[in-house]
Amino acid sequence: MSLYDYDLIVVGAGHAGIEACLVGARLGLKTLMVTTNTDRIGYMSCNPSIGGLAKGHMVREIDVLGGEMGLAADATCIQFKRLNSRKGPAVRGSRVQSDKHKYSAFMKKALQNEKHLAVLQGEVKKVLLNGKTCEGVVLQDGSEIRSKAVVLTTGTFLNGVMHVGMTQTPGGRIGDQASHGLSDQLLEAGFEVKRLKTGTPARLHKDSIDWSKTIPQFGDDRFYPFSFKSPHAYQLDQIACYLSRTTEKTHEIIRNNLHLSPMYCGIIEGVGPRYCPSIEDKVVRFADRDSHQTFLEPEGLDSDLIYLQGISTSLPLEVQDQFLRTIPGLENVQVVRYGYAVEYDYFEPTQIWHRLETRPIQRLFLAGQINGTSGYEEAAAQGFVAGINAAHAILNRPEFVLNRDQAYIGVLIDDLVTKGTREPYRMFTSRAEHRLVLREDNTIDRLADLSIKIGLHGAEAVDLLNDLRQRRQDLHEKLQNTKIYPNAETQEKLLSLKTSPLLKSVSYEELLRRAEVDSQSLASLGFDIDLDPNVCEPVEIQVKYAGYIKKQNELIEQTRRLEGLILPDHISYSDIKGLSTEETEKLSRIRPRTLGQAQRISGVNPSAIQAIMIYLKSRRLAGEELPLGKQSK
């Protein structure tokens, strides 16, 4: 084996690339990261934040499984908020504002500390193909680096073009060149390649802002870290963000200059993110509104730059100057970097398996925005899964696939593979039909056993996982088996908690089901309770929502019956009577792994599912062996 041969090559150093590299290296594979700019490892190209609704769930899932994003977010947090904290536990979400420079430095150090990992600055022009198998990459200088598997995490760089007004510049983001060659090669290999668009707002100098005209927005006093390994205290000083709003004058300037927007004059062909629209989109789509809010977010403790959330734009520089100065507090603002849009190639994700290996080419895996997603968290989740499966393919281990009832990561990947996407895909709690059992608080319960089996955590972390689970179990049993009696002292305390007195002795579990009673209440009643939020919170939620959770688990069991019906690879959908032309085409193209996945394909009707079941039953009656109950490759 020569100096330039590796087990695994990961192309890209963003959030997907980092997780893929770390997985490979931690499983003992000789791993190489190739990136065009080693100074931009883990760089936050847009909003300097991690988490949010559903996104925070995925960060916790990555952490429990053995990834790095949660630790990095906790260590670099400069503001924390628990979103929807007053709503039900299924829709709560943790979000941190990170110091973007410290975040990047944290990730760079994590890569440097992996003994099986090397980082190379260079541009990958092609992948090395041996028939239908990927065996390495070709760099810009023509040199070949061979490997047993390749993960592409190219972000917005594939044929990337930046737009500001009528000006177009090749690049995936300011300061970084676009990547050319890979898209063309894979297009020739039969891949379906399309275009998407994203954007970013201006960065402002903090000293040019009149902060007295903005409203401070502080984070939460209590910190709930993403990682079960992080301390429950802030590691950095905490800062405020600031709220301002656009005005009717802002909107007037934007409307008068829409003909100079590359989105509205037809220059940009790619579809932009529906749930993170540009300010031009907002003004047009919500014409009845005279104002839109914007948050002014510091990019770091030692940075002079302010990120203007919600005001992404690709209007000309002079127009940006005009409309920005109509926002309260920004009348004399100094723009350090103007907003711009990026248009880039992505691969229709129905061309990949759930293990994120491409269907046309073996040992080639795709993760992140190359699959049509948006967001750091979606990218990291895919990078983690692609890294595991690439490693498992090399090590001859089974594929790693998370189901929709196991993790938001499973929902994300199943949506991509089954439905595809025509716009940048963003995760929401509403995308998960089983969201009551996919909460942030029970991530350890859902994934710890699987995580230990994967083997990415060290002994200390495994002990901590097992200890937390045992303490939760002990607390729940203690609540069930310990009673509280209606004596005078107890009744007086219950009244002080604004809950009704007891009519008879009850278990503390029964008492905890009351809406007015929480874990802290039980402590005030003299119950010896473990108040570690990693212990008491999930147990409290399990107790309070037990009836709803039971019903959802019953629905999950029904769904699993269809997921257990594995569809054989060689099935010919054109032979099945009762399928429409559209259903035959979609089933043949997507090749669903299970009958449950087939049911989720847009355009495949319930009658088609019945036709497939009848077809499979007839083939079994004819004596053909079909691999029901096995994992389809």
Any salt bridge linking [X] with [Y]? Criterion: basic side-chain nitrogen under 4.0 Å from a carboxylate oxygen.
{"X": "Asp441", "Y": "Arg439", "value": "yes"}
{"X": "Arg471", "Y": "Asp467", "value": "yes"}
{"X": "Asp7", "Y": "Lys30", "value": "no"}
{"X": "Arg472", "Y": "Asp445", "value": "yes"}
{"X": "Arg26", "Y": "Glu114", "value": "yes"}

Just by modelled atom types, is the [Y] backbone N or O under 3.5 Å from a matching donor or acceptor in the [X] side chain?
{"X": "Asp210", "Y": "Pro328", "answer": "no"}
{"X": "Glu378", "Y": "Thr373", "answer": "no"}
{"X": "Asn403", "Y": "Asp405", "answer": "no"}
{"X": "Gln552", "Y": "Leu436", "answer": "yes"}
{"X": "Thr31", "Y": "Leu29", "answer": "yes"}
{"X": "Arg203", "Y": "Pro201", "answer": "yes"}
{"X": "Gln238", "Y": "Tyr234", "answer": "no"}
{"X": "Glu509", "Y": "Val543", "answer": "no"}
{"X": "Ser98", "Y": "Lys100", "answer": "no"}
{"X": "Asn389", "Y": "Phe400", "answer": "yes"}

Do you know which two heavy atoms are closest between [X] and [Y], and how far apart they sit?
{"X": "Tyr376", "Y": "Met69", "value": "O-CE, 3.6 Å"}
{"X": "Thr200", "Y": "Cys46", "value": "OG1-SG, 3.6 Å"}
{"X": "Leu27", "Y": "Ala391", "value": "CD1-CB, 3.7 Å"}
{"X": "Leu465", "Y": "Ser451", "value": "CD1-OG, 4.3 Å"}
{"X": "Gly66", "Y": "Phe384", "value": "C-CE1, 3.9 Å"}
{"X": "Leu8", "Y": "Ala20", "value": "CD2-O, 4.1 Å"}

Give, for atom [atom1] of [X] and atom [atom2] of [Y], the distance between the pair rounded to the nearest 0.5 Å.
{"X": "His434", "Y": "Ile556", "atom1": "NE2", "atom2": "CD1", "answer": "5.0 Å"}
{"X": "Leu512", "Y": "Ile541", "atom1": "CG", "atom2": "CD1", "answer": "10.5 Å"}
{"X": "Ser519", "Y": "Glu540", "atom1": "OG", "atom2": "CD", "answer": "3.5 Å"}
{"X": "Leu296", "Y": "Trp211", "atom1": "CG", "atom2": "CH2", "answer": "5.0 Å"}
{"X": "Leu305", "Y": "Leu204", "atom1": "CG", "atom2": "CG", "answer": "8.5 Å"}

Taking [atom1] in [X] as the centre, count heavy atoms belonging to other residues, nucleotides or ligands within less than 6.0 Å. Is the count above 12?
{"X": "Asn487", "atom1": "CG", "value": "yes"}
{"X": "Glu492", "atom1": "CD", "value": "no"}
{"X": "Asn481", "atom1": "CG", "value": "yes"}

Within-4.5 Å side-chain heavy-atom neighbours: [X] and [Y]:
{"X": "Thr153", "Y": "Glu19", "result": "no"}
{"X": "Arg173", "Y": "Phe157", "result": "yes"}
{"X": "Asn47", "Y": "Tyr307", "result": "yes"}
{"X": "Glu299", "Y": "Ile306", "result": "no"}
{"X": "Leu330", "Y": "Leu308", "result": "yes"}
{"X": "Leu243", "Y": "Thr214", "result": "no"}

When Lys55, Arg446, Arg60 are each screened for salt bridge (charged side-chain N to carboxylate O under 4.0 Å, His left out) with Glu440, the one that passes is Arg60

Would you check, one step at a time, whether the test salt bridge (Lys or Arg N to Asp or Glu O under 4.0 Å) holds for Arg404 with Asp415? CA-CA 9 Å; Arg404 296 181 70 91; Asp415 277 354; 2.8 Å; yes

task: Decide side chain to side chain contact (heavy atoms under 4.5 Å, CB included) for Leu450 and Gln406; before the verdict, give the C-alpha distance in whole Å, the side-chain angles of both, and the deciding distance to 0.1 Å.
output: CA-CA 10 Å; Leu450 188 56; Gln406 283 182 293; 4.3 Å; yes

- Verify the distance criterion only: is there a donor paired with an acceptor across the side chains of Asp74 and Gln235 at less than 3.5 Å? no

side-chain hydrogen bond (donor to acceptor under 3.5 Å, both in side chains) pairs touching residues 79-89, sequence neighbours excluded, are Arg82-Glu537

TODO: Evaluate the ring-ring contact (aromatic ring centres under 6.0 Å, His included) criterion for residues His15 and Tyr103: first the C-alpha distance (whole Å), next the side-chain angles of each, then the deciding distance (0.1 Å), finally the verdict.
DONE: CA-CA 11 Å; His15 305 280; Tyr103 184 94; 5.8 Å; yes

- Checking side-chain hydrogen bond (donor to acceptor under 3.5 Å, both in side chains) for the pair Gln97/Ser49: CA distance, chi angles, key distance, verdict? CA-CA 4 Å; Gln97 183 82 9; Ser49 71; 5.0 Å; no

Looking at [Y], does the NZ or CZ of [X] lie under 6.0 angstrom from its six-membered ring centre and within 45 degrees of the ring axis?
{"X": "Arg435", "Y": "Tyr408", "answer": "no"}
{"X": "Lys478", "Y": "Phe527", "answer": "yes"}
{"X": "Arg40", "Y": "Tyr43", "answer": "yes"}

Worksheet item: Where do Ser208 and Asn332 land on the side-chain hydrogen bond (donor to acceptor under 3.5 Å, both in side chains) test, with the steps shown first?
Response: CA-CA 6 Å; Ser208 66; Asn332 298 300; over 6 Å; no

Where do Lys229 and Glu460 land on the salt bridge (Lys or Arg N to Asp or Glu O under 4.0 Å) test, with the steps shown first? CA-CA 10 Å; Lys229 295 176 282 187; Glu460 186 176 345; over 6 Å; no

field: Pair Leu494-Leu525, side chain to side chain contact (heavy atoms under 4.5 Å, CB included): steps then yes or no
entry: CA-CA 8 Å; Leu494 289 173; Leu525 289 166; 4.1 Å; yes

Practice item. List the steps, then state whether side chain to side chain contact (heavy atoms under 4.5 Å, CB included) holds for Arg514 with Ser500. Key: CA-CA 10 Å; Arg514 295 186 179 187; Ser500 58; 3.5 Å; yes

Can you confirm whether or not the ring centre of Phe228 sits under 6.0 Å from the ring centre of His457? yes

* To do: Please test Ile409 against Ile62 for side chain to side chain contact (heavy atoms under 4.5 Å, CB included), starting from the C-alpha separation and ending with a verdict.
  => CA-CA 8 Å; Ile409 298 174; Ile62 292 167; 4.1 Å; yes

Practice task
Evaluate the side-chain hydrogen bond (donor to acceptor under 3.5 Å, both in side chains) criterion for residues Gln470 and Asp474: first the C-alpha distance (whole Å), next the side-chain angles of each, then the deciding distance (0.1 Å), finally the verdict.
Solution key: CA-CA 6 Å; Gln470 186 62 53; Asp474 291 345; 2.8 Å; yes

